[in-house]
2 protein chains.
Amino acid sequence: MKKTYSEENYLKAIYHLGKSDNKVSPKAIADALENNPASVIDMLKKLQDKDLISYDKVQGAILSRSGEMAALDIIRKHRLWEVFLVEKLQYGWDEVHDIAEQLEHIHDEQLAKKLDDFLGNPSFDPHGDPIPAQNGKMPVYASKRLSEADENQMCKVGSVRDTSTPFLKYLKQLKVGLGSRIRVIEKMEFDQSMIISIDEGEPKTVSSKMTDNILVILD
Amino acid sequence: MKKTYSEENYLKAIYHLGKSDNKVSPKAIADALENNPASVIDMLKKLQDKDLISYDKVQGAILSRSGEMAALDIIRKHRLWEVFLVEKLQYGWDEVHDIAEQLEHIHDEQLAKKLDDFLGNPSFDPHGDPIPAQNGKMPVYASKRLSEADENQMCKVGSVRDTSTPFLKYLKQLKVGLGSRIRVIEKMEFDQSMIISIDEGEPKTVSSKMTDNILVILD
DNA sequence: ATATAAAATTAGACATGACTAATTTATGTA
DNA sequence: TACATAAATTAGTCATGTCTAATTTTATAT
Ligand SMILES: [Mn+2]
Ligand SMILES: [Mn+2]
Ligand SMILES: [Mn+2]
Ligand SMILES: [Mn+2]
């Protein structure tokens with residue numbers, strides 16, 4: 001069922017508000033969308049009729065399964081477009097939100113996938129927010145940088161903080177990808193460069209610029 | 001003055017219909033937009049109030065200066081996005097029109113320029129239609145391929161039929177750009193390769209694949 | 001427990017951009 | 001010229017998504 005621009009914005013707002021544990025009230029939604037509680041209630045009724053949410057005064061608005069999938073799809077597109085605007089069109093990270101707010105509503109079956117591939121399947125947007133996968137799964141948030149790992153620590157690559165072509169090319173050459181297992185062999189005091197083993201391969205030296213831009217999950 | 005999605009579509013339709021010499025009637029617009037003549041007349045009144053067109057029964061709809069600039073801006077964005085979808089996202093040329101129909105309505109001051117630069121300032125879209133410049137000027141339609149020029153012919157590069165990165169890189173290396181002056185020194189019967197002089201420089205040999213993808217204006 | 005304030009809801013209105021049906025105007029043909 | 005058809009226009013309706021104002025419900029504080 002094709003959703004309107006407006007319905008999509010409501011679903012997204014309800015999703016975001018639902019992440020904090022407060023109940024999602026008409027007032028909260030109205031504040032988020034900078035409109036009127038009366039308008040919100042009108043829309044909540046429509047969304048409930050379409051089984052995208054359930055709403056009652058006590059529980060507030062709660063996304064249904066299909067409503068949540070729709071919200072995640074919009075968020076995915078929003079964040080992918082933000083990556084595009086920053087990485088490819090050279091916008092500043094602070095300039096892209098309003099444009100992505102428009103681009104997220106472009107409808108096409110193949111578009112998100114093709115854009116995702118073109119961008120090198122980034123896990124995070126330019127503001128560090130995770131980009132949901134097609135199935136709605138959020139990437140595991142790898143909160144530690146490789147540069148913060150201790151000597152002899154084993155870890156797994158969770159995401160990259162830089163999705164520029166040169167960096168991605170460099171990683172490809174090193175055979176580092178999402179899920180690669182990295183062991184820290186030695187950390188140089190002097191310049192913070194590291195000697196690491198990638199998937200138990202031969203030791204390689206990498207700069208702090210590299211290790212600062214790799215986010216890992218420690219074992 | 002910000003235009004609505006709908007106003008933009010009307011302006012574009014009026015522009016295209018105005019290119020053929022028939023008068024732009026409500027019926028013609030209704031056919032183009034697949035809607036109703038009554039709806040069209042409603043909108044023509046609104047567009048006239050905003051000084052984007054003039055309309056009367058005798059002359060039909062005629063774009064004002066600002067109306068034409070607005071139409072050209074939409075067409076520019078439509079065609080740039082089509083180039084993006086084909087060249088960067090690997091869509092087929094037959095799949096992109098409907099998506100561009102949505103993308104053309106994204107509003108941002110800098111977007112068209114940045115997209116244009118990112119794409120290497122293409123002159124034509126994937127269907128061969130010319131892409132208006134920011135000032136509304138259509139590129140001179142260079143209808144001859146360099147491969148069709150005769151020996152000793154002097155000509156000027158008008159556009160490229162291929163805007164892929166490898167081709168553009170190759171042209172950069174040869175120092176061939178829009179406006180470059182090319183003299184055909186010799187054409188090889190055998191494989192249609194050519195010896196040419198670029199801006200009166202030293203002779204260089206180029207393949208028929210190259211000369212087929214350069215459109216020129218003959219002197 | 002009662003007064004007060006905040007939130008939710010209802011009722012009614014409005015702008016936009018579409019539609020249908022009826023009417024008027026123009027065109028074309030016998 | 002008179003009839004038939006097509007195009008343009010008007011009038012009235014509708015769906016969407018918004019608003020304001022009034023009312024009801026809920027929460028908070030004395
Ligand atoms: Mn954003
Ligand atoms: Mn949005
Ligand atoms: Mn097109
Ligand atoms: Mn359009």
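A note on names: the letters A, B, ... follow the listed sequences, proteins ahead of strands, and every chain is numbered from 1.
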Give the rounded distance in Å between these two atoms: [atom1] of [X] and [atom2] of [N].
X	N	atom1	atom2	result
B/Ile29	C/dA18	CD1	P	12 Å
A/Asn22	C/dA7	CG	P	13 Å
B/Lys27	D/dT9	NZ	C1'	15 Å
B/Asp56	D/dA7	CG	P	18 Å

Checklist line | Member of A/Lys46, A/Lys12, A/Lys50 meeting the side chain to side chain donor-acceptor pair (under 3.5 Å) criterion with A/Glu7 | finding: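 The passing option is A/Lys50.
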Item checked: Nucleotide nearest B/Asn35 (side chain, heavy atoms from C-beta), chosen from D/dA8, C/dT9, C/dA18 ->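 Looking only at side-chain atoms, B/Asn35 lies closest to C/dA18.
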Item checked: A/Lys57 side chain, from C-beta outward: closest of C/dA8, D/dA21, D/dA8 ->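 Selected nucleotide (nearest to the side chain): C/dA8.
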Item checked: Residues from residues 39-53 of chain B lying under 4.0 Å of DNA chain D - heavy atoms ->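 B/Ile41, B/Lys45 - these, ordered by number, are the residues of the stretch whose heavy atoms sit under 4.0 Å from the strand.
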Give a yes/no answer on whether the side chain of [X] brings an N or O atom under 4.0 Å of OP1 or OP2 in [N].
X	N	value
A/Ser6	D/dT18	yes
A/Asn36	D/dT20	yes
A/Ser25	C/dA8	yes
B/Tyr10	C/dA18	yes
A/Tyr5	D/dT18	no

Next item on the list: Without swapping roles, check the side chain of B/Arg79 against the backbone of B/Pro130 for a donor-acceptor pair under 3.5 Å.
Entry: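 Pair found, side chain donor or acceptor close to backbone of B/Pro130.
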Note to self: Using modelled atom types and a 3.5 Å cut-off, is there a donor and acceptor pairing between side-chain atoms of A/Lys114 and backbone atoms of A/Ala112?
What the structure shows: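 No: the side chain of A/Lys114 does not pair with the backbone of A/Ala112.
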Margin query: Working note: B/Ile62 + B/Lys23, criterion side-chain contact (heavy atoms from CB on, under 4.5 Å); need CA distance, chi angles, decisive distance, verdict.
Written below: CA-CA 9 Å; B/Ile62 294 171; B/Lys23 85 170 182 193; over 6 Å; no
Notebook entry, point to check: Under 4.0 angstrom, heavy atoms only, what part of the nucleic acid is A/Pro37 near: base, sugar-phosphate, or nothing?
Noted result: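 Here A/Pro37 touches the bases of the nucleic acid.
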Next item on the list: Run through A/Met43, A/Lys3, A/Glu68, A/His16 and flag the one making a side-chain contact (heavy atoms from CB on, under 4.5 Å) with A/Leu11.
Entry: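 Answer to the side-chain contact (heavy atoms from CB on, under 4.5 Å) test with A/Leu11 among A/Met43, A/Lys3, A/Glu68, A/His16: A/Lys3.
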Margin query: Both A/Lys23 and A/Thr4 contact DNA chain D. Taking the nearest nucleotide for each, which residue is further toward the 5' end?
Written below: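 So the residue in question is A/Thr4.
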Item checked: Pair B/Asp129-B/Ile75, side-chain contact (heavy atoms from CB on, under 4.5 Å): steps then yes or no -> CA-CA 10 Å; B/Asp129 296 314; B/Ile75 292 166; over 6 Å; no
Next item on the list: Would you list the pairs meeting ring pair (Phe, Tyr, Trp, His ring centres under 6.0 Å) in which at least one residue belongs to residues 89-111 of chain B, sequence neighbours left out?
Entry: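 Pairs touching residues 89-111 of chain B that pass the test: B/Tyr5-B/His105, B/His78-B/His97, B/Trp93-B/His127.
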